[in-house]
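Comments concern the structure below.
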Protein chains: 2
Amino acid sequence: MKEQIKDKRKAILEAALKLFTERGFHGTSTAQISKEANVATGTLFNYFPTKEDLINSLYFEVKGNLSHAMGKDLEAKGTFQDKLKRIWSNLIKWGVSNQNEFLFVGQFCSSPYITKFTREEVMKEYVFLHNLVDEGIKTGEIRDFPADLVIAMFYQGSRTIVNFILDSDSSQDQNKVLEDGFQIIWRGLAKE
Amino acid sequence: MKEQIKDKRKAILEAALKLFTERGFHGTSTAQISKEANVATGTLFNYFPTKEDLINSLYFEVKGNLSHAMGKDLEAKGTFQDKLKRIWSNLIKWGVSNQNEFLFVGQFCSSPYITKFTREEVMKEYVFLHNLVDEGIKTGEIRDFPADLVIAMFYQGSRTIVNFILDSDSSQDQNKVLEDGFQIIWRGLAKE
DNA sequence: AACATCACTGACTAATCAGTCAATTATCGA
DNA sequence: TCGATAATTGACTGATTAGTCAGTGATGTT
């Protein structure tokens, strides 16, 4: 028979993602993950020497997806506001259509797993956002706040919008909420 | 000997709060909590029939503290902006000086423990904020956004500021950050 | 002092945990 | 086709888990 590509590792990560968002890190046993992934318990430990290792691997993987999605379609042309809006939109659309990943990041970041160091380290991965904000402050398009503060408000603002959408009845217009949210953040940050 | 007031229940809740923020919910065993509280394991289960019960009790207790702190010094006089600023300031100062409670709420809210229903239920507890925002929208002082969205952005914005302060070197001026944050949110929400 | 009440104790249990490893199976070059 | 290597398996282990319960000791009332 034609073998499906052997990707037990991926299956394990996917199972873990699903169960972690449903039951938390410690609430999910390695046995449950293995079962969900249709894999023996031993196989899990071939790929990830410890459970903690699995959690961290998953986190870095998901963060990679997130920061990749964030920078999509960020061509050079367009006003500063356009570019910021593009990132805003990218973040929110990624969160809405990758619900488990989105929730997992939130869970991980407010859990004791993550140290201040790790959090800062990962923030540095958001190159697009960092560069753009620095530029915006330099050119005076963003008012004179600490860059870190601007980034935090922007990033957490987009998370708030995703959560808002996920909690809403699906009847709500997601695009309207995305726009409203950006209006709030943009007017809050922009000069004028 | 003069007996200290017997308050094993309180001791248990305090121990749980400390350990939960250090090690997470599932990462903390009932045995560890009992030990930290200088209490027998059986005693814990006298007060809280299950571990989950303990977690929920702690959550409601802490939430009570938070919403009480939020409404402090909210006398009738003062402009609309003053009142909103008062709440903003109350939230942030509570978070900064009650770090464990603050982190616990964050952890709980992004954990699978909390259901959408519970989250909405608890949001309704924020009477002050709800009333004020409704009023501000009615009088036109806040632009025409859905009230829930305004509340979410405001509340999460204040959390972002607390996290920012907690992660900063203590050299940073906390009041400056609190002010900057309010500027961002206020300009984002206010008409004109 | 005698009794009743009840918060409290901690040894105990059945279940479950992360992680191991000897045995089995799949893969692939020659 | 054969042998070597690597991937996979699941029964197993010692440690730990949430929760139990028979018993102890402190308290208050008469």
Side-chain angles (χ1 to χ4, degrees), chain A residues 1-61 104 107-108 111-115 118, chain B residues 1-61 104 107-108 111-115 118:
Chain A
M1 86 188 77
K2 274 289 185 54
E3 280 302 337
Q4 63 203 8
I5 297 151
K6 267 188 316 177
D7 215 343
K8 310 251 173 191
R9 201 189 114 100
K10 193 165 196 176
I12 291 166
L13 285 171
E14 273 169 16
L17 176 64
K18 184 186 167 207
L19 294 175
F20 284 159
T21 57
E22 278 171 11
R23 323 155 71 100
F25 302 132
H26 283 100
T28 305
S29 68
T30 51
Q32 290 170 323
I33 297 171
S34 307
K35 195 175 173 186
E36 174 79 25
N38 289 313
V39 140
T41 70
T43 305
L44 189 151
F45 290 98
N46 276 349
Y47 289 101
F48 308 97
T50 65
K51 187 187 181 184
E52 188 163 326
D53 209 87
L54 166 61
I55 295 174
N56 282 297
S57 298
L58 182 56
Y59 179 66
F60 279 105
E61 188 123 336
F104 172 76
Q107 217 177 296
F108 190 88
S111 83
Y113 271 103
I114 199 168
T115 62
T118 312
Chain B
M1 86 190 74
K2 273 289 184 55
E3 281 302 335
Q4 63 203 9
I5 298 150
K6 267 188 314 175
D7 215 343
K8 311 249 174 192
R9 201 188 114 100
K10 192 165 195 175
I12 292 167
L13 284 172
E14 273 168 16
L17 176 65
K18 184 188 166 207
L19 294 176
F20 284 159
T21 57
E22 278 172 11
R23 322 155 71 98
F25 303 132
H26 282 100
T28 305
S29 68
T30 52
Q32 290 171 322
I33 296 170
S34 307
K35 195 174 174 188
E36 174 80 26
N38 290 314
V39 140
T41 70
T43 306
L44 189 151
F45 290 98
N46 277 348
Y47 288 101
F48 308 98
T50 67
K51 187 186 179 184
E52 189 164 325
D53 209 87
L54 165 62
I55 295 174
N56 282 294
S57 297
L58 181 56
Y59 179 65
F60 278 104
E61 188 123 335
F104 172 75
Q107 217 176 296
F108 190 87
S111 83
Y113 272 103
I114 199 169
T115 61
T118 311

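Note: hydrogens, waters and symmetry copies are ignored here, and every other heavy atom, side chains too, is used. Below, chain A is the first sequence line, B the second, and so on; all start at residue 1. None of the values given here were measured: they were computed from a predicted structure.
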Handout entry: Spacing between Lys51(B) atom NZ and dG19(D) atom C1', to the nearest angstrom
Key = 12 Å
Exercise for the section: Could you list the residues that satisfy side-chain hydrogen bond (donor to acceptor under 3.5 Å, both in side chains) with Thr30(B), not counting sequence neighbours? Expected result: none
Fill in the blank from the handout: Residue set satisfying salt bridge (charged side-chain N to carboxylate O under 4.0 Å, His left out) with Lys18(B), at least two apart, ordered chain then number -> Glu36(B)
Exercise for the section: Starting at atom CD1 of Ile55(B), determine the distance to atom P of dT17(D), rounded to an integer number of angstrom. Expected result: 14 Å
Handout entry: Minimum heavy-atom distance Leu13(A)-Leu54(A), with the two atoms named
Key = CD2-CD1, 3.7 Å
Handout entry: Exam field: side chain Lys51(A) to backbone Thr28(A), donor-acceptor pair closer than 3.5 Å
Key = yes
Exercise for the section: Write down the atom of Tyr47(A), the atom of Ile12(A), and the distance for their closest heavy-atom approach. Expected result: CD1-CD1, 3.9 Å
Practice task
Starting from P on dG19(C), measure out to CD1 on Ile12(A) and report it in whole angstrom.
Solution key: 14 Å
Problem - Separation of dA7(D) C1' from Phe45(A) CZ (nearest whole Å) - result: 17 Å
Exercise for the section: Determine the interplanar angle of the Phe25(A) and Phe108(A) rings, folded into 0 to 90°, and report it as parallel if under 30°, tilted if 30 to 60°, perpendicular if over 60°. Expected result: perpendicular
Problem - Under-4.0 Å side-chain N/O to phosphate OP1/OP2 contact, Lys8(A) with dT9(D) - result: yes
Exercise for the section: Taking Gln107(B) for its side chain and Phe20(B) for its backbone only, find out whether a donor-acceptor pair lies under 3.5 Å. Expected result: yes
Exercise for the section: Check whether any side-chain N or O of Tyr47(A) sits under 4.0 Å from OP1 or OP2 of dA7(D), and answer yes or no. Expected result: no
Problem - Those residues that, when tested against Glu52(A), pass salt bridge (charged side-chain N to carboxylate O under 4.0 Å, His left out) (two or more places apart) - result: none
Exercise for the section: Send over the distance from Phe48(B) CZ to dC8(C) C1', rounded to a whole Å. Expected result: 15 Å
Handout entry: Most 5' of Asn46(B) and Glu52(A) on DNA chain C, judged by nearest nucleotide
Key = Asn46(B)
Distances under 3.5 Å between protein N/O atoms and the N/O atoms of nucleotides 10-12 of chain C, please, pair by pair.
residue: dG10(C); atom: N7; partner: Gly42(B); partner atom: N; Å: 3.4
residue: dA11(C); atom: N6; partner: Thr41(B); partner atom: OG1; Å: 3.1

Problem - DNA chain C contacts made by residues 13-38 of chain B, counting heavy atoms under 4.0 Å - result: none
Problem - Qualifying residues under salt bridge (charged side-chain N to carboxylate O under 4.0 Å, His left out), relative to Glu14(B), sequence neighbours excluded - result: none
